[in-house]
Every structure is written in structure tokens, then in C-alpha cells.
> 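Quick one: this structure, given as C-alpha cells, is what I'll be asking you about.
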Amino acid sequence: MKRRILMLGAIILLAGAGRAFAHHSFAAEYDSTQKVEVEGVVTEFVWRNPHSFMKIDVTAKDGTTQSWALEWGSVSQLAREGQMTRTTLKPGDHVVVNGQPARDAAAHRMLIGSIKRPSDGWEWKGRVQ
């Protein structure tokens, strides 16, 4: 009986370990020594833990459209000061976003440092962890 309990405990422990190892460091993904600004239209906003995400379409200088994947903080970090809710940003919103680019510049990814919506002056600034 003791052996079965130990085996069950080991299985539960190992099953949860995958999620812990799957989490990544922002420093490993993004270059904190660089800053980039993009302007585009929100196509998707995902409000969830452990990180929220947004996708925007950006028109490049050559006229082509690039899809950027933007990573943000957790729901609790974003909602902390009442500036954000799951409905703050919607597809179609025009935004200007500043942040740290991905270490792979061709990836069109960014860790958000600030975001503005010029249509109504709404903005968010902060540091996510």
C-alpha cells in the first residue's frame, strides 16, 4: 500500500513538472538592450495567465503587411491599477506599441513596454515580469 501511495505521489509530481519547466524567462526571449516601436491594427487580444498576448497587423515601409505577436504580463499585472480589462482592446483598434524586440529580429515579436490607442488617448505603461 505504501508503495502505491509513493508511486501515485511521484506520478502527480512529474505531471505538474512539465508546466513549471515550460515557463520561459523574458530575458531569454527578448533583447532588453533594444527598443522598437510599431503601429498597427489589433487582430487578436488574449487575456490570460501566465501571460496575455496580442497580435497586430503592421504595414511595413514597402507596403506589405507584417503580423506581430506581442507578449504582455499576467491578468493580475495588467489589471492591477484598473487600467486594463479583457475588453480594453478589441480587434480593429489602431495602436502604437513600444517594447523589447525578440532576439530573433525576423520573428516580429515584442515584449510590450507601453501601448497607446490614439483614437481616445488611452495608454498603458509598465514593466511586466
Side-chain angles (χ1 to χ4, degrees):
M1 184 67 172
K2 232 181 194 184
R3 180 175 275 195
R4 286 185 181 173
I5 291 173
L6 283 172
M7 289 297 286
L8 180 61
I11 290 170
I12 291 170
L13 181 65
L14 290 174
R19 290 191 85 138
F21 289 120
H23 193 264
H24 62 272
S25 159
F26 286 137
E29 299 288 327
Y30 302 99
D31 185 352
S32 63
T33 66
Q34 302 294 316
K35 300 295 180 215
V36 66
E37 179 178 280
V38 293
E39 186 171 343
V41 177
V42 175
T43 58
E44 183 179 2
F45 178 53
V46 180
W47 177 262
R48 69 171 190 204
N49 286 317
H51 304 286
S52 294
F53 293 87
M54 180 173 27
K55 288 187 179 178
I56 65 171
D57 281 345
V58 175
T59 302
K61 291 179 182 178
D62 65 3
T64 61
T65 300
Q66 300 171 340
S67 181
W68 278 72
L70 311 177
E71 189 168 2
W72 229 340
S74 68
V75 169
S76 60
Q77 287 175 320
L78 296 176
R80 188 170 291 147
E81 296 169 9
Q83 294 181 332
M84 290 285 301
T85 69
R86 75 174 51 250
T87 60
T88 300
L89 295 167
K90 297 176 185 70
D93 284 349
H94 179 257
V95 293
V96 179
V97 186
N98 288 278
Q100 301 170 12
R103 292 192 178 278
D104 175 8
H108 302 302
R109 291 181 24 244
M110 178 195 314
L111 176 62
I112 298 173
S114 69
I115 182 169
K116 295 178 185 178
R117 186 175 47 215
S119 64
D120 62 2
W122 175 86
E123 66 181 291
W124 179 93
K125 291 181 184 177
R127 178 171 165 79
V128 296
Q129 301 172 10

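Positions are given from 1 along the sequence.
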> If I take atom CZ from residue Phe53 and atom CD from residue Glu44, how far apart are they, to the nearest 0.5 angstrom?
10.5 Å
> Testing the basics here: between Leu78 and Gly73, what is the closest heavy-atom pair and its distance to 0.1 Å?
CD1-O, 3.8 Å
> Please check if Val41 and Val97 belong to a single hydrophobic cluster, counting links between Ile, Leu, Val, Met, Phe, Trp and Tyr side chain heavy atoms closer than 4.5 Å.
no
> Side-chain donor-acceptor pairs under 3.5 Å in residues 58-66, sequence neighbours left out?
| unit_1 | atom_1 | unit_2 | atom_2 | d |
| --- | --- | --- | --- | --- |
| Asp62 | OD1 | Thr64 | N | 3.0 |
| Asp62 | OD1 | Thr64 | OG1 | 2.6 |
| Gln66 | OE1 | Trp68 | NE1 | 3.3 |

> Going by side chain to side chain contact (heavy atoms under 4.5 Å, CB included), Met110 matches just one of Ile56, Val36, Asn98. Which one?
Val36
> What's the spacing between Thr43 OG1 and Met54 CE if we round to 0.5 Å?
9.5 Å
> Apply side chain to side chain donor-acceptor pair (under 3.5 Å) to Glu123 and list each qualifying residue two or more places apart in sequence or on a separate chain.
none
> Between Ser74 (side chain only) and Asn49 (backbone N and O only), is there a donor and an acceptor less than 3.5 Å apart?
no
> If you round to the nearest 0.5 Å, how far is CG of Leu70 from NE2 of His51?
14.0 Å
> If you measure from CZ on Phe45 to CG on Asp93, what distance do you get to the nearest 0.5 Å?
10.0 Å
> Restricting to non-hydrogen atoms, name the atom on Met84 and the atom on Trp122 that form the minimum distance, rounded to 0.1 Å.
SD-CZ2, 3.3 Å
> How would you list, by chain and number, every residue that makes a salt bridge (Lys or Arg N to Asp or Glu O under 4.0 Å) with Arg109, sequence neighbours excluded?
Glu29
> So, using side chain to side chain donor-acceptor pair (under 3.5 Å) as the criterion, who are the partners of Trp47 when residues are at least two apart?
none
> List the residues meeting side chain to side chain donor-acceptor pair (under 3.5 Å) with Thr88, not counting sequence neighbours, and say none if there are none.
Thr85
> Who passes salt bridge (Lys or Arg N to Asp or Glu O under 4.0 Å) against Glu37, sequence neighbours left out?
none
> What about Val75 and Ile115, same hydrophobic cluster or not, with Ile/Leu/Val/Met/Phe/Trp/Tyr joined at side-chain heavy-atom distances under 4.5 Å?
yes
> Just jot down the salt bridge (Lys or Arg N to Asp or Glu O under 4.0 Å) partners of Asp120, sequence neighbours excluded, or say none.
Arg117
> Which residues satisfy the side-chain contact (heavy atoms from CB on, under 4.5 Å) test with Pro118, sequence neighbours excluded?
His94, Val96
> Who passes side chain to side chain donor-acceptor pair (under 3.5 Å) against Ser119, sequence neighbours left out?
none
> Measure the spacing between NZ of Lys55 and NE2 of His108 and express it to the nearest 0.5 Å.
13.0 Å
> Holding to side-chain contact (heavy atoms from CB on, under 4.5 Å), I want the full list of residues that pass it with Ser67, two or more places apart in sequence or in another chain.
Asp57
